[in-house]
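Structure first, then comments.
All values below were derived from every heavy atom in this structure, side-chain atoms included, with hydrogens, water molecules and symmetry-related copies excluded. Read the numbers this way: they start at 1 and go in the same order the structure lists the ligands and their atoms. The structure presented is a predicted model; accordingly, all values stated were derived computationally and were not measured.
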Amino acid sequence: MPSFKIDIVTAERIVYSEDVDEVVAPGVSGQLGILPHHAPLMTTLEAGELVVRKGGQEEIMAISGGFLEVRPDHVIVLADQAERAEEIDISRADEARKRAEDRLKVKQTGMDALRAEAALRRALVRLSVAEKLRRRRKV
Ligand code: ATP
């Protein structure tokens, strides 16, 4: 089966760089599936789960938004933040979730509300990705 290279990078580090069979990324208008020979594309990503599939194995990562470019045989993700499932600190994400929920309980307006909503979304994505890994390890 043909594969293609994906590089997932942040300003700080290379998070993932492998040849894969398929990528599903959190596009702004829904889940974006990329298979080999996908047409060239540039798009914005929102906070969500990014899945890569390779040789029947699947890996899930948490992405907090960014850009995705599809080139011939190469996909590049420039992420604001990204963590592989096993890198996620669950207690930290849970603390971040509580902080954001507390901020949203107090009536917030404008940027403060948007920031708290974005922080909540990042935390929930991290918790969901970590939970999926935990369940998979139990099976
Ligand atoms: P927090 O409120 O917990 O700091 P955040 O989304 O605001 O969450 P930042 O402080 O901007 O995160 O992130 C700094 C670095 O820490 C980034 O490299 C990010 O990938 C990483 N990071 C953030 N939260 C977690 C987590 N729960 N587990 C592992 N790495 C994390």
Practice problem: Would you please test S3 and D21 for side-chain hydrogen bond (donor to acceptor under 3.5 Å, both in side chains) and show each step? | Solution: CA-CA 5 Å; S3 62; D21 303 327; 5.0 Å; no
Practice problem: Could you go through the salt bridge (Lys or Arg N to Asp or Glu O under 4.0 Å) check for R99 and E95 one step at a time? | Solution: CA-CA 6 Å; R99 271 198 314 276; E95 287 300 316; 5.1 Å; no
Quiz item: Would R135 and E131 satisfy salt bridge (Lys or Arg N to Asp or Glu O under 4.0 Å), going step by step from the backbone distance to the final call?
Solution: CA-CA 6 Å; R135 268 197 238 139; E131 174 61 16; 3.3 Å; yes
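Using a heavy-atom distance under 4.0 Å as the criterion, the protein contacts of ligand 1 are E12, Q81, E83, E87, I88, D89, R92, A93, A96, R99, R122, R126.
Formation of a donor-acceptor pair under 3.5 Å by the E87 side chain with backbone atoms of R84 is found in this model.
Considering E83, R121, Q81 in turn, Q81 is the only one that fulfils the side-chain contact (heavy atoms from CB on, under 4.5 Å) rule with S64.
Side-chain atoms of V15 and T10, non-hydrogen and from C-beta on, do get closer than 4.5 Å to each other.
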